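So the structure is just underneath, and the comments pick up after that.
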Protein chains: 2
Amino acid sequence: MAKGRRAGMGIDALDGRLITLLDREPRIGVLEASRRLGVARGTVQARLDRLQAQGVIRGFGPQVDPAALGYPVTAFATLEIKQGLGADVRAHLASVPEVLELHTTTGEGDMLCRLVARSNGDLQRVIDKVVGFEGIVRAATAIVMENPVPLRIIPLVEQAARDV
Amino acid sequence: MAKGRRAGMGIDALDGRLITLLDREPRIGVLEASRRLGVARGTVQARLDRLQAQGVIRGFGPQVDPAALGYPVTAFATLEIKQGLGADVRAHLASVPEVLELHTTTGEGDMLCRLVARSNGDLQRVIDKVVGFEGIVRAATAIVMENPVPLRIIPLVEQAARDV
DNA sequence: ACCTGCGCTGTGCAGACTGTCCAGCGAAAA
DNA sequence: TTTTCGCTGGACAGTCTGCACAGCGCAGGT
């Protein structure tokens, strides 16, 4: 029998299959997973523990759909920040619930954030709330129309498992 | 005793507390959750069933960290697409594992996608793979430096629960 | 004012799963 | 060769899940 794992970090084929399986059917639990994967229960348990300890799997929190919460509109805003006010802007944006995500990016101290709103009209309110803050020089908003590839990780997991 | 829910959709305060609790401690299960929330187990079970049926909670899949998989670099690419080739481009991007997410946005048939790579150097390879495709006229890439607000949903859930 | 529908409570039960431990085995590393 | 490490297969007690049922109180409709 091949020995799967070696030293260091990264994931092997079994890890990849386990993650993929859990992604497809999160409810199945360790025992059922071990049956599906054809390995002993203890193995699955050990793999899961290790994957979580390594930070590969952060957790199993509920995946909430903003649309079902009443926020069907998504937009991305590129922000230009006045020099030296980055920290204030970050704090401000973090306080806005409709800001789901914020990144600082290369460019000139710019930021990119993901917003949601109850409607296109409501988006105006959100944008006003976001950009109505000293330190934001300019904002460019792109409204999402379609989402051909929803946030995913499985293809990358499979590639990482292949690359051993 | 107040009657929590009414008709229609949306979430009430108990739903909000439940989601928040599960987000913080996903492993606790229905029974423990009912204890923490101070309600009957059947209530938590019913709420969870309903939230999933409504699509508010999509599932409890593993949250995988690309960085821990060996892809610590994140970037956003804005793509300009040649008229009429949108479908081909979507299919192409969907086939690239490093493309974690793809949106079509307002503008001129533009797209925005999230990429990851093994390093800044590797990012070049990924970008070449992404834009080396007939139909993509131009691409502007922004590399993520910091992520002051990681993808989150709890603040929005709490607001949605408050607005009843 | 009365009735109905609905959600929450508290309880019970059988079945299944979890956490944990252990001994043995085979392969890679020292 | 010897040691180390991961996987196997099995076992046990404790716990949780899925499901069901009767009672109760509130909101909305008759």
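None of these values were measured; they are calculated from a predicted model. Lettering of chains follows the sequences in order, A, B, ..., and the numbering in each one begins at 1.
In this structure, A:Arg35 atom CZ and D:dT8 atom P are separated by 15 Å, rounded to whole Å. A:Arg47 has its CZ atom 8 Å from the C1' atom of D:dG6, to the nearest Å. Rounded to a whole Å, the CG atom of A:Leu51 is 13 Å from the P atom of D:dG6. Between B:Leu48 atom CG and C:dG7 atom C1' the separation is 16 Å, expressed in whole Å. Atom CD1 in A:Ile11 sits roughly 17 Å away from atom P in D:dG6 (whole-Å rounding). Atom-to-atom, CG of B:Asp49 to P of C:dG7 comes out at 13 Å; the value is rounded to the nearest Å. The CG atom of B:Asp12 sits 8 Å away from the P atom of C:dC8 (whole-angstrom rounding). A straight line from CD of B:Gln45 to P of D:dC21 spans 15 Å, rounded to a whole angstrom.
Taken from CG in A:Leu14 to CZ in A:Arg47, the straight-line distance is 4.0 Å, to the nearest 0.5 Å.
Defined by atom type and a distance below 3.5 Å, a donor-acceptor pair is present between the side-chain atoms of B:Gln159 and A:Glu98. Side-chain contact check for B:Asp128 and B:Gln124: at least one donor-acceptor pair (N or O, by modelled atom type) lies under 3.5 Å.
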Using the rule given for side chain to side chain contact (heavy atoms under 4.5 Å, CB included), can you reason through A:Arg36 versus A:Ile28, listing the C-alpha separation, both sets of side-chain angles and the distance that settles it, and then say yes or no?
CA-CA 10 Å; A:Arg36 304 276 188 95; A:Ile28 60 174; 4.0 Å; yes
Could you walk me through whether B:Asp110 and B:Arg138 pass the salt bridge (charged side-chain N to carboxylate O under 4.0 Å, His left out) test, one step at a time?
CA-CA 10 Å; B:Asp110 282 340; B:Arg138 207 161 49 79; over 6 Å; no
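Contact detail for A:Ile136 and A:Ile81: the closest heavy-atom pair is CG1-CD1, 4.2 Å. What you find for A:Gly16 and A:Ala161 is that their closest heavy atoms are CA-CB, 4.1 Å.
Within 4.0 Å (heavy atoms only), A:Glu32 reaches no atom of the nucleic acid at all.
Ring orientation note: the planes of A:Phe76 and B:Phe76 are tilted relative to one another, at an angle of 30° to 60°.
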Under 3.5 Å, N/O pairs linking protein and nucleotides 9-13 of chain D:
from, atom 1, to, atom 2, distance (Å)
D:dA11, N6, A:Arg41, NH2, 2.9

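Criterion: ILVMFWY side-chain heavy atoms under 4.5 Å apart, direct or through other members. Under it, B:Ile57 and B:Val30 are part of a common hydrophobic cluster. One hydrophobic cluster, built from ILVMFWY side chains closer than 4.5 Å, holds both A:Ile143 and A:Val131.
The residue among B:Val44 and A:Leu31 whose nearest nucleotide of DNA chain C is located toward the 5' end is B:Val44.
Rounded to 10°, the angle separating the first-five-pair axis and the last-five-pair axis of the helix from C:dA1-D:dT30 to C:dA30-D:dT1 equals 50°.
When each of B:Leu48, B:Ile11, B:Val39 is paired with B:Leu18, the side chain to side chain contact (heavy atoms under 4.5 Å, CB included) condition holds for B:Leu48 and for no other.
Contacts between residues 21-30 of chain A and DNA chain C, defined by a heavy-atom separation under 4.0 Å, are made by A:Gly29, A:Val30.
Considering only side-chain N and O atoms, A:Thr43 lies under 4.0 angstrom from the phosphate OP1 or OP2 of D:dT8.
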